[in-house]
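Notes follow once the structure below has been shown.
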Amino acid sequence: MPSGTKIDFDAMNILSIPLPARGEKLLYDTKAKGLVLRLRASGARTWIGVERVAARSIRITLGDARHLPLEAARRLLAAGPQDRSTPTDHPLFGPDATIAEVFPRFLASGETGRWKPGTIRNMRAATTMHILPHFGGHKVRALTPEEVNRWHLDITAKSSAVRMALSTLSGLMLYAEDHGLREPGSNPCRGLRKKQHSKRGKMMAPDAVRRLWTALDGLQDRMPDACDAVRLLFLTGARRSEILSLEWDRIVGARAVLEDSKTGPRTIWLNAPARDLLAARKEMAKGRFVFPAPKSVGPLKVLDYAWVLIRRAAGLEDIRVHDLRHHFASVGVSNGIDLRLVGQLLGHNDIDSTIGYAHLATDALTRSASKVSRRIERFLRGDGLERPARKRTDNASEIDSPKEAAHA
């Protein structure tokens with residue numbers, strides 16, 4: 001459905017409405033005048049109110065549509081500006097507000113749970129280093145795409161923080177649109193790439209997998225916690241922080257249900273070897289954490305030193321801990337599992353984060369097409385009837401051993 005369409009939201013599931021491929025899309029409520037559902041390619045679904053004030057269109061953010069029910073959004077809109085945190089008759093900013101003036105309130109808008117503390121720290125650092133020195137005195141309404149493009153090229157050549165800086169500036173511009181400082185859809189950062197969609201998913205060679213497992217066996221008695229943590233990383237594709245901070249009461253059968261992660265609440269699916277490993281640790285468990293810190297009451301924090309020893313013992317000097325996650329995803333995609341399912345197994349918030357593995361899906365389809373073609377050709381030549389394929393699962397979490405993972 002195109003942007004600007006009027007929708008009877010009562011007749012549909014808000015969360016099932018497709019997101020735009022890029023940018024944003026606005027859908028208007030047929031019952032409450034001015035109530036709009038804003039959909040963004042990033043995955044955001046937000047209720048906003050659109051009003052005309054002094055010949056200008058003003059947007060007021062009402063709340064996240066994933067958590068704010070439709071009727072609540074309608075009541076909030078009908079309540080009038082006196083009950084909102086950003087009233088239209090007393091705007092937060094003057095028309096000539098600068099980026100330096102707007103930034104603190106923009107950052108504060110995300111400190112109530114929208115962003116994680118680490119994200120806020122990174123945004124503040126990127127702004128202090130790269131945005132304010134260039135644009136701090138600029139009027140928000142006057143910033144142009146040409147200025148942003150020159151700035152982006154400049155910091156790309158100087159810093160690895162370019163993605164965070166661009167994402168922060170873009171978010172600030174969208175915030176400015178919501179508060180009437182810029183016209184809707186005028187974000188000057190639009191079109192500049194925030195993520196580099198390079199090919200990801202380099203699988204470890206079978207010999208490398210065997211050497212890694214042999215090294216873990218050899219070091220198990222010396223550092224059992226670190227070796228078990230690495231095994232779980234390999235078997236689940238989870239993030240390092242998710243495994244190290246795992247608590248026993250979060251494990252339910254074949255799942256570890258996390259209340260919070262990098263992308264919010266998520267589930268880690270546990271295959272048979274992962275469950276066996278956890279069951280063995282449970283027999284000797286002391287405390288709430290699967291991997292407790294040796295000298296404190298919290299969880300194990302780092303694997304850096306242990307990983308250096310493991311990597312050296314395996315002769316894998318160029319392998320990072322995060323490459324175990326890439327390997328898990330690569331095995332899944334290469335064996336025909338849909339990118340969206342792989343993204344769910346990895347805990348990605350949107351398909352954009354998984355798209356780097358797409359080339360592996362193409363390779364898998366090419367191999368499958370060749371295999372089907374050869375079978376059909378043999379059948380047509382009369383070389384024998386086709387044999388039924390061996391039944392197998394399409395779930396990456398069912399890879400039951402490193403040996404299978406290596407040869408998948």
Side-chain angles (χ1 to χ4, degrees), residues 199-244 246 254 256 268-281 284 290-291 300 302-337 341-342 345-347 354 356-357 359-361 363-364 366-368 371 389-408:
K199 289 185 178 181
R200 304 167 72 180
K202 180 181 179 182
M203 281 191 291
M204 295 171 61
D207 179 63
V209 173
R210 286 191 292 270
R211 282 188 283 144
L212 173 62
W213 225 251
T214 299
L216 291 171
D217 289 341
L219 294 169
Q220 180 69 30
D221 293 338
R222 179 178 174 184
M223 42 188 192
D225 288 349
C227 289
D228 283 349
V230 170
R231 286 189 174 93
L232 274 183
L233 289 168
F234 190 93
L235 293 168
T236 63
R239 299 179 180 92
R240 173 168 35 188
S241 59
E242 294 169 347
I243 292 299
L244 294 186
L246 187 60
I268 299 174
W269 295 93
L270 305 169
N271 55 22
R275 296 195 297 271
D276 290 343
L277 186 154
L278 289 168
R281 291 190 64 84
M284 302 178 291
V290 176
F291 297 102
L300 188 64
V302 295
L303 283 175
D304 295 358
Y305 176 70
W307 179 246
V308 169
L309 297 180
I310 294 168
R311 192 176 59 187
R312 286 177 181 171
L316 302 172
E317 294 293 336
D318 59 342
I319 298 294
R320 306 168 303 160
V321 171
H322 197 70
D323 289 329
L324 304 179
R325 180 170 162 85
H326 286 316
H327 178 82
F328 178 92
S330 302
V331 170
V333 175
S334 296
N335 281 273
I337 297 178
L341 290 177
V342 172
L345 291 171
L346 294 176
T354 321
Y357 298 98
H359 66 290
L360 295 173
D363 293 344
T366 300
R367 292 195 302 272
S368 298
K371 185 181 298 184
R390 184 179 64 179
K391 185 177 180 181
R392 61 182 299 174
T393 180
D394 277 340
N395 190 333
S397 66
E398 291 298 318
I399 295 174
D400 283 340
S401 72
K403 184 176 180 181
E404 288 187 33
H407 293 282

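All residue numbers in this chain count up from 1 along the given sequence.
The side chain to side chain contact (heavy atoms under 4.5 Å, CB included) test with Leu316 singles out one residue from Asp323, Leu212, Ile310, and that residue is Leu212.
Checked against side-chain contact (heavy atoms from CB on, under 4.5 Å), Ala229 has the following partners two or more places apart in sequence or in another chain: Ile243, Leu244, Phe291, Leu303. Residues satisfying the side chain to side chain donor-acceptor pair (under 3.5 Å) test with Arg312, not counting sequence neighbours, are none. The side-chain contact (heavy atoms from CB on, under 4.5 Å) check on Ala313 picks up Ala215, Leu219, with sequence neighbours excluded.
To the nearest 0.5 angstrom, Leu232 atom CG is 12.0 Å from Cys227 atom SG. Rounding to the nearest 0.5 angstrom, the gap separating the CZ atom in Arg325 from the OG1 atom in Thr236 is 9.0 Å. Expressed to the nearest 0.5 Å, how far CD of Gln220 lies from CG of Asp225 amounts to 9.0 Å.
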Task: Asp318 and Arg311: CA distance, side-chain angles, deciding distance, side chain to side chain contact (heavy atoms under 4.5 Å, CB included) verdict - done: CA-CA 8 Å; Asp318 59 342; Arg311 192 176 59 187; over 6 Å; no

Open item on the list: side chain to side chain contact (heavy atoms under 4.5 Å, CB included) for Leu324 and His327? Distances and angles first, verdict last.
Closed with: CA-CA 5 Å; Leu324 304 179; His327 178 82; 5.6 Å; no

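What you find for Val342 and Gly332 is that their closest heavy atoms are CG2-C, 4.3 Å. Here the shortest heavy-atom pairing between Leu346 and Arg239 reads O-NH1, 3.8 Å. Closest approach of Ser330 to His326, counting heavy atoms only: OG-O, 2.7 Å. Closest non-hydrogen pair, Ala274 versus Leu235, comes out as N-CD1, 3.9 Å.
Annotation: side chain of Leu277 is in contact with side chain of Arg281 (closest heavy-atom distance under 4.5 Å). Counting heavy atoms from C-beta outward, Trp307 and Val302 have side chains that stay 4.5 Å or more apart. For the pair Arg240/His322, no side-chain contact is recorded, criterion being any heavy-atom separation below 4.5 Å from C-beta on. Side-chain contact between Leu278 and Arg275 is absent, with no heavy-atom pair separated by less than 4.5 Å. A 4.5 Å side-chain heavy-atom check between Phe234 and Val230 finds every atom pair outside the cut-off.
For Asp276 and Arg231, the salt-bridge test fails: no basic side-chain N is under 4.0 Å from an acidic carboxylate O.
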